[in-house]
Every structure is written in C-alpha cells, then in structure tokens.
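These notes are about the structure you will find just below.
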Amino acid sequence: MPLPRKPHAWPATWLTAFLVALVVFALGFGGGVAHALEPVKISREDTALDLTATTEIYSGRGDAFQVSTAPGTDGIVRRIEVRSSTESHQGDWAVFALANVSEEQLERVIVAPHFRLVNSKLFWPDLGSQRILSITPSEGFALDRQPSEEADVFRITLNPGAVITFVAELTTPELPQIYLWQPDAYKDTVNAFTLYRGIVLGIAGLLAVFLTILFVVKGTSMLPATAALAWAVLAYICVDFGFLSKLITVTADDERIWRAGTEVFLAAGLVVFLFTYLNLNRWHQHLGYATLAWILGLGLLFGVAVYDPAIASGIARLSFALTATVGILLIAYLGFNRYDRAILLVPAWLLILVWLFGAWLAVTGQLANDIVQPALGGGLVLIVLLIGFTVMQHAFAGGAYQQGLFSDLERQALALTGSGDTVWDWDVARDRVVTIPDISHQLGLSLGTMNGPVRNWLPRLHPDDRDRFRATLDVLLEHRRGRLNHEFRVRAEDGHYHWLSIRARPVLGANGEIIRCVGTIIDITEQRNSVERLLHNALLDNLTGLPNRQVFLDRLQAILLMGDGSSPIRPTVLAIDIDRYKQVNDMLGIAAGDNILIALTRRLRRLLRPQDTLARLGGDQFGLILMSERDPAKIADFADAISKAIMVPLNYGNREINLTASIGLVAWLDQEQSAAGLLDDAELAMFRAKKAGGNRVEPFRPAFRTSGSDRLQLETDLKRAMERKELSLVYQPIVRLSDAEIAGFEALMRWEHPKRGNISPTEFIPIAENSELISHLGLFAFDKATSDLAEWQTQTGDLPIFVSINLSSAQLLNNELYDDMRAILSKSRCDPSQIKMELTESLVMENPEQARLVLEKLREAGLRLALDDFGTGHSSLSYLTRFPFDTIKIDKALVRDPSDKRAVILRSVITMARELDMRVVAEGIESEEDAIQLAQMGCDYGQSFLFGPPVGSEFILRLLKERFPLMKRA
C-alpha cells in the first residue's frame, strides 16, 4: 500500500485564488494536468451509485499526475499532484469527485470489479485484472483497501458538506465499472450472489460427476463427449464465479490465462459433443476430417492462452458461435431426413442459440447489468442439464435393461400398431363387427357407421362383390377352418369405391364353432389402381386411348384366322403417318403435339364403323383395319376421306396448323400371310408414299419388298453377329469440367460386319428395336461394360469413375430387366453406383407408369439414372421430378445453339439441375472456350470429341493407368 500523501494547501485569498485559477488554466493545456470536474452528489438514501460515466480516465500521463479538484463549498478550485506508488505503473489515472450533500457523516466503499463479461468485447476481449492500485483523495490520506479477490474495494468517509476529488492509480487504461456502495448493501449483495453461485456450482459439479459415472456404466460414445462438455462448463463457472481462487493461489495474470483456457475448453467440448452425438462421420467421411482439424486448432489455443489470453479467448468465442450456427444447420438437415438423434437435440440447441444471443448482447455492451454474468453461467449449467437428459433418453432407448419387457402378445400388438393396419374383429355370436381404428373415417362416413352387424356392410359393397363377399363368409362358417383372404370394393361417402383387403382367421369355441373372426383390413385402392393402369398401358396407348401395336397385331391375326377361301372376310390394312409432324412438335412443343394427335384421333374415329379398328402404332403413326368395306373403289374413297380429314386445319394457340398424311394400304389376298407381314407391307407402302413427297395414298405392290430385303438381310446378319461375337463396345470419355480430369465413359456399341465393314449404330439399332434382338443387345452391352469396368479396377485399383450405358424402350418394358441386371452385377462384382443407365425422354413417354416402376427398382438396386438428350423436347421438366433421375445430359443441339439466348437457356437448365441435386453432362462441346463457359455456369461434366473419341477397352486401360497412377495396387 502506498504511503499516505497530503495534497498541497493554498491560501484562501481572492487574489491567490485568482492566480491559482490562471495557473491551472494555463497548465490545463499541458500533458500532466487534468481539468476540474463536476462532483457526484451523495445523500444518505443512496445505497449504490454507478461512477463509471462520471469518472474521467487519463492514459499515459506519467508517474506524476496533476489534477484540478472539483470546486469546494467555497467555490475554489485547487490543484493537487499525485505520484505513482510502483515503478511498473504505466501512467494511467482515473479521476472522480464526490460531494456529501447530507448533514451527517457517510461511510461508503468504492468497488471496481476485476472482470466483467459485460462489454468485454468479442475480439481481443478484456479478461480482467487488478484495476486500481490506490486511491488518493484531495483531503486526507490515501484510502484503505478492503480484502476482496474479485474486485478492488476501498473504504471512504465523507464529512457533511465535503467535496472531495479522488485520483485512482490504474494498472490498465480500462476501467469497466466503478461503483460507490453503502457497505452493508454491498455486503448483502455479495452474500446473495455467493449463495446463487454456490447452488449453480453444486449442480454443475454433480452433473459432471453423474455423466462421468454414467459413461463408465453405459460406455456409449456420446456419454464421454457429454461428460467432457459438462466438465468444461464446470471449469468455466469455477473461474467466472471466483471459486478457483479459493482452491489454489491465483494471481491477476494467472486468472486471465485460466479464463481463456476454460473458454477454449468450452468451445472444444461443444465441437466434440456435436460430432459425437450426431455421429457425423456416418454421413460423410470428410466431416470427420474437418472436425478433427477444428479440435486440433482449438487444442493449439491452450498454448496461445499462456502467451496471449485475449487472442485465445476471442478465437474460442468465435468458435463457440460458429459451432452453434453449424449445429443448427446440421440438426435441421438431419431432422428433415428423420434422424432421431437430431430431432431429440432440437430443444437443447435452441436453448444454446438463446444463450449465445444473450452472451452476444452482454459482450457487446447492449445488455449491461450486474445480473447478466451470473445468469449466463447458470444458463450454461441449464444447457448441459438438458443435453444430459437428451443423451440419456437416447442412450438407454432400446438398452439391455428393456429386453424381455414385453410379452409376445404385446409385441404382436406393437407390431400391428407399427404396420398401420386396421384390426377387423367380427364377433360371430353377437354378429357385431368392430374395426380399430374405425375404418368409417377413411371412407368419409360418420364414426361407427361400419361397426355393427356384418349385414350392414352389404349395402355399401359394389354390386358385383356382394354375393362373393356373402358366400366367402358362409363357407368360412360352414367349414369352421381355413383363413379369410378376400378383396372387395366399398363405396365411400363421396361415391367413389375403395378396394379393401381382409386377412383374418377364425377363433373356435369349446364346442368347435366359430365364435369370432379376427384379422386386419387394409385399403389397397392405390395398388389396384396401379395394376389397372399397368394393364391399361399394356394394351392401350396412354395418350389417345387407342390399341397399341401389339393389340393391333393380335386383333388382325385373329381376323385372319377366321378368314378362309370361302369366308367373306377380307380385311384391308392402312398405315397412316403424319407428314412434318416432327417439325410441328419441335416448333410448338410436345404438349401441342399431344393435343394434335388427340384431335386427329377423334377425326379418324368419326370415319370408322363398329367393325373397324384404329390403333396407334407409335409416335405419329396410326394403323387401321378396315372391315366395313370390301369394294376397291370404296376402299380408295375411304383412304381419301382419311387424308382429307387430316388436312382440315387445326387451331392451336391462335395459330392455324395444316397437316397432311402419307397413307399406305394393302388388302389381304395371300392366305398364308400373317398379321405382321400384312402390316409390314402396309408400312412399306406408307414409306414409299413418304419418299414420294407425302400427302398421298400409296397401295402396296410386291416390288416394294425389294427395298426391305436389305433390312431383312441386315436383321439376319445381326443375329449371326451376336453368335460370332462381331459386336464390341467402345468408350468415349466424360471429363469433369472443373479440372479436365476423366470422370467416366459412355459405352457405345460397334458392329464390324465381315463384308460391309463397320456398320453405324443408327442403322442396326432401329432394326434391333423392331425385332426381339434389342433386349439381347442391351444385356450384352450391360454385361460387357460391367466386365470391362471390373477388369480396369482389377488392373488399377478402385477408380473414381462411372460407366454410362444406354437403355432401350424394349428393355424398359421387359419385366425381367431388373433380375437380369442384378445377376450381371453379382457376377461382375461391380459397385452399382458406378453404373449409370441413360434413356431418352421419348422412351419414358411411351409408357410412363411402367417406366417409373422399373426405374425405381433400378434405383433401389443402386444404379444411377441419367436423362439423355435433354433440351430436345418441351415436357422434360415434369419428368425430372416424377422419375428418379440423378443426372441430365444436355443435348449437343442446345450446347451448339448459335443464338444469343443460348447462354441464358444453358444457365437456367444447369441452375435448375443443381437445385434438384442433379449432375449435368454437356454433349457436343466444340471448343475450350465453351468448356470453360459451361464450367463457370456450374456444369459438372463434358462429353465430345474435344475430350477424346470413342476407343476400345484396352486403350482405356492404358489411359487409366496413366491418369490414375496412385490408384494402382501394390
């Protein structure tokens, strides 16, 4: 404690006072003198006054500090000089004045806390220290320091009417708070906070010990992380509440290090808990690496805290805030993915965010009172308490102590409840049906409508199902054994019928009679509708409702079988193709094209008689079996009427559309000719009409078959090529545009004909699609591509590449496709995620319901799906959300579009794909500038001759060994 010092006394004459005032005014512009200040008035009723705002801080004023006192009762301003008490003093001083306006002597204490969370700042925070070394009054001796480990406390006595100026010698230029307390009030306040702090410390200590013991007992990984967080909170509040100084000797500088260390410990504990509880390594391996790096960085902060506690504390506070922010994003994402741990953590993390917001208000000074700091400490304990309950709830859910808790009957009841089925209970003796839950609600009926006698069900059953339902129950009662497995339709309140399925078994009484029948009843309306849609799509065209090609051929073959030499049956087959339909479709869009086909179907139907058959053979091609006319002249007139009906203009979108048709017709004359042969002849005539310019009717002539003989020969050669292994696959690279690295290959089929040489796929693939060869070709391509991929990986190790394989319409409609592909994948042992099946929008449109079911099964098997030739149609957007595609391939026509709107369209397509979490492949890139531009737009991959032509499997193997040398196995 510094020696008592007396201020200089000055004569109280007016002349002297005037001279002193001049001197003070003159010296006031110098560096060592402070101006006089206004005193704070104190009365007997004042128990606590905040002097922070009225205290003036002077930094860097040296060892000797001169100050002008506040005017006394006589109005005189005096000057005093105070010298520092230690050599290490930095020259920082604080000045304030007090005036006792009461008529009695006042005892007060001046309190300056060592640390305040309020206004401690986020960056380079003030972690506290001793604030005041000594206080010298303008009258009397230096103030006596009172013992306190948390604040600088000085006791003063103010005489009645006294005005005293105080000069405080500071250790730092920061003085967060200085208060003037009535001694007893200050003591009561300290005792109150001591009680609160003791309670919070006790709870925190018990919680940390309990979670640690729980970890030893249970051993779940999330428990040690929770216990570590609890110990971090306990360490923090031990320092913050001043409990640490009662355990060990802690200097002011040591306390700053301890405070920074506990804040780093708290930030690291929250990171470890979040990673361990949410099991982030399960979702992505990189999250584990990022968390490890984060924790190591916080570990280094412990060393930084020894040398510069402010930097370590500031980084720890930022880390805590960042962890809370990242945590709420992860919890929201995993919660929407129905991860139960994330859902259970929501209340605790919301409390963390509320605490974080309050702490931010405190450290920035927006929330400035003496309660906020202990309240935030208690809030941390409350957070750990809630987290502990959450962890225990999850850790013990399904634990070993619950085994054997349920009986078999209870397990069956729980399983039935979990399945969501409705219990159907028929009390035969009382003839009362009960459904749990009440099925009346599903049918839109009032509660209890379907409960009661079983005969009450009959009026609501479909008329075709009533007798069968009654007979099924009668047989069950008569035979007194067996099971009830019945499907029927029930009319709902809105008039629609619901398909219900009952599965039940009888319960026999002591006399062997059925006393009740108990089982489940479920609504299978959606399943039945799906089956009916599949059957409908298998027979009828889903757009026009006309029979498809297969039904057309079956019906034609049945007609031919009924005809013989004496029969009057002489069918005429017409093949109708709309001219320039593709141009109209491309110009107006697929939706307009579909409406045009529907309108043309209605026109053609008006010309038919009941015995005639109209079918849609595919695309814009129709087939017609004419049975109502046999006279050649009338048949010609009928064909001409069809042509004129199609030529009638159509209005669409305020535009007039004129269409024509190429029509080929053939009469059945050869008794040996089949339906397929007859249709082929009609199509040959139609193709001849189209080659002649269209808009004409062309009767079939045998000479037309010579043009189709080459096609037939090519089909025969294709069959032999598969047996002789003349077919092969080549692979065109697909590169990642961001770094020009190979990401995958597209498998393309090649045919090396022994006589004709290399035959283009555009020539033999359509032939294969019109025959039964396309399924064999597709399986060959899938088998060969997976085998090559397995061979590449055997030679080079696991590769980060994929192989794209094209899928045809015939394969998509093949019910055995899924099983065949599973068998091939099992044989080759390829990772299904490295195989990507490509199909075009037109294939999907041929039978959307069947395509959706098949594609979903392929996706469940792990295969990836790509929509090829995107950008050539206009209704592709609806298919992106309806079907499980994960990649779209932008057609080269859109990539090479020379118009000014190309970039806008490409950017929109790529942005849309990325929003749908889909990959984008751009085909036909012609230059590096285009590749760079597409990469900047966010396009993932590129495929064109710019990156490489299609090459054989051996060349690909050498290429992979060069491009991925580190992937080779030892």
Side-chain angles (χ1 to χ4, degrees), residues 1-10 20-21 23-42 49-74 76-100 106-114 129-146 148 151-159 162-181:
M1 180 177 294
L3 295 175
R5 297 181 293 274
K6 283 190 175 182
H8 299 284
W10 296 85
V20 169
V23 171
V24 170
F25 179 78
L27 295 177
F29 293 95
V33 180
H35 299 286
L37 65 163
E38 280 294 321
V40 177
K41 297 178 180 179
I42 306 171
L49 292 176
D50 188 356
L51 305 179
T52 309
T54 58
T55 301
E56 297 183 0
I57 306 296
Y58 299 90
S59 300
R61 294 304 179 95
D63 296 337
F65 178 65
Q66 295 181 355
V67 62
S68 298
T69 65
T73 54
D74 54 4
I76 298 176
V77 176
R78 294 175 175 82
R79 181 165 63 91
I80 62 175
E81 180 179 301
V82 181
R83 294 186 177 275
S84 62
S85 60
T86 62
E87 296 181 357
S88 60
H89 183 241
Q90 303 295 322
D92 300 320
W93 305 86
V95 181
F96 59 94
L98 302 178
N100 184 358
L106 298 179
E107 296 288 336
R108 294 290 185 268
V109 289
I110 298 173
V111 180
H114 292 168
S129 65
Q130 184 181 10
R131 303 295 179 178
I132 301 176
L133 292 173
S134 64
I135 299 179
T136 302
S138 59
E139 294 181 6
F141 299 97
L143 302 185
D144 293 332
R145 178 184 292 271
Q146 303 297 307
S148 176
D152 297 320
V153 182
F154 297 88
R155 192 176 187 91
I156 63 173
T157 301
L158 298 175
N159 295 321
V163 179
I164 303 176
T165 301
F166 297 88
V167 180
E169 181 181 355
L170 304 180
T171 60
T172 64
E174 289 85 14
L175 188 62
Q177 186 186 66
I178 182 169
Y179 251 82
L180 185 68
W181 282 90

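A donor-acceptor contact closer than 3.5 angstrom is absent between the side chains of Tyr179 and Gln177. Between the side chains of Asp63 and His89, no donor-acceptor pair of N or O atoms lies under 3.5 Å. Inspection of the Thr157 and Glu107 side chains reveals an N or O donor paired with an N or O acceptor under 3.5 Å. Side-chain contact check for Ser85 and Glu169: at least one donor-acceptor pair (N or O, by modelled atom type) lies under 3.5 Å.
Remark: Phe154 pairs with no residue by the ring-ring contact (aromatic ring centres under 6.0 Å, His included) rule, at least two apart or across chains.
Of the residues listed (Leu49, Ile110, Val111), the one engaging Ile178 in a side-chain contact (heavy atoms from CB on, under 4.5 Å) is Ile110, and it is the only one. Partner of Asp152 under the side chain to side chain donor-acceptor pair (under 3.5 Å) criterion, out of Arg131, Gln146, His114: His114 alone.
Between Val167 and Trp93 the shortest side-chain heavy-atom distance falls below 4.5 Å. Put simply, the side chain of Pro39 does not reach to within 4.5 Å of the side chain of Leu98, judged on heavy atoms. Contact check for Ile57 versus Leu175: side-chain heavy atoms found under the 4.5 Å cut-off.
Look at Glu81 and Arg83 and you find a salt bridge, because one of the NZ, NE, NH1 or NH2 atoms lies within 4.0 Å of a carboxylate O, short of that distance.
Ala168 approaches Ile132 most closely through the heavy-atom pair CB-CG2, 4.0 Å.
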